[in-house]
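First comes the structure, then the notes that go with it.
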Amino acid sequence: MSTYLIGQKTCMNCKTLNPQLPLQPCRCILGEISIMAAHNFLWSVTKNCFTFGLIGLTISDRYASIVPVRGSSMSPTFNPTTDSFMGSLSDDHVLMEKFCLQKYKFSHGDVVVFCSPSNHKEKHVKRIIGLPGDWIGTPMTNDVVKVPNGHCWVEGDNPSSSLDSRSFGPIPLGLVKGRVTHILWPPQRVRHVERKNHQIRHSPS
């Protein structure tokens, strides 16, 4: 911090002559005060951002998160239209809750986010058609498959553009990351995601 002696007109810190001393502080003092204020402001902003970041990570990891939906496999439920000009900005972004993972409580017709069985880094959004013990009929091959314990059968709402259990079979419930409850983006599509029960496709064992 700059200093000066009473009766002196020269700042002892910056060695400049200032006729206003000691009635007014030297400009070097004001500069140091401004720098200190800026440092305090930046430190406060950094702490707040770090705190909110930790809160956000905790919420995302334990309770809920926002997930983008790519492609048309779930059309018309998600991404009913494709806007090549807007690109990913026009894709639906959905709220995925994770409370269902505590005891893996799912129902027929739930829309879930899960990791691909072949590549766990990829995430897909599909609808649950069958739960453990259900017999699933596949229209393409006329086969009937029983969903084993700890698994579920998932399909897209747009079968012609969906890679799902019809290709890779039932998926382990451990791959499910959460259940989709709402569309959050784009603004004009904000709504609750309805559960659709495909009763024709499954029957209890």
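Panel note: side chain D164, backbone G156; a donor-acceptor pair is recorded below 3.5 Å. With hydrogens and angles disregarded, a donor-acceptor distance shorter than 3.5 Å links the side chain of N119 to the backbone of K121. Remark: side-chain polar atoms of S165 are not paired, donor with acceptor, to backbone N or O of W153 under 3.5 angstrom. Looking at H192, its side chain does come within 3.5 Å of a backbone N or O of T181 through a donor-acceptor pair. No donor-acceptor pair closer than 3.5 Å links the side chain of D143 to the backbone N or O of G137.
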* To do: Take I136 and V144 through the side-chain contact (heavy atoms from CB on, under 4.5 Å) test and state the conclusion after the steps.
  => CA-CA 5 Å; I136 304 296; V144 178; over 6 Å; no

* side-chain contact (heavy atoms from CB on, under 4.5 Å) evaluation trace for L184 with I66 -> CA-CA 8 Å; L184 300 181; I66 298 174; 3.9 Å; yes

* To do: Any chance you could lay out the side-chain contact (heavy atoms from CB on, under 4.5 Å) test for L95 and V180, step after step, and finish with the verdict?
  => CA-CA 6 Å; L95 178 65; V180 176; over 6 Å; no

Run the side-chain donor-acceptor check on residues 167-174: report pairs under 3.5 Å with partners two or more places apart or on a different chain.
none

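You'll find the side chain of R127 stays beyond 4.5 Å of the side chain of V154, heavy atoms only. Residues S72 and N79 are not in side-chain contact: their nearest non-hydrogen atoms beyond the backbone lie 4.5 Å or more apart. Contact check for S162 versus M74: no side-chain heavy atoms found under the 4.5 Å cut-off. Looking at V193 and I183, their side chains come closer than 4.5 Å, going by heavy atoms from C-beta outward. Between F106 and L101 the shortest side-chain heavy-atom distance falls below 4.5 Å. For the pair V113 and V176, the minimum side-chain heavy-atom distance is 4.5 Å or more. Residues I128 and V112 are in side-chain contact: their nearest non-hydrogen atoms beyond the backbone lie under 4.5 Å apart.
Within the model, atoms NZ of K98 and CE of M96 stand 4.5 Å from one another, a figure rounded to the nearest 0.5 Å.
No hydrogens or angles considered: nothing links the side chains of K123 and S116 as a donor-acceptor pair under 3.5 Å. Remark: the S73 side chain and the N158 side chain contain no N/O donor-acceptor pair separated by less than 3.5 Å.
Pairing each heavy atom of P117 with each of L175, the nearest pair is CA-CD1, 4.0 Å.
Here R70 pairs with D91 in a salt bridge; the nearest charged N to carboxylate O distance falls below 4.0 Å.
Pairs engaging residues 167-193 under the salt bridge (Lys or Arg N to Asp or Glu O under 4.0 Å) rule: D92-R189, E97-R179, D110-R179 [sequence neighbours left out].
Note: H124 and F114 have tilted aromatic rings, judged against thresholds of 30 and 60 degrees for the angle between ring planes.
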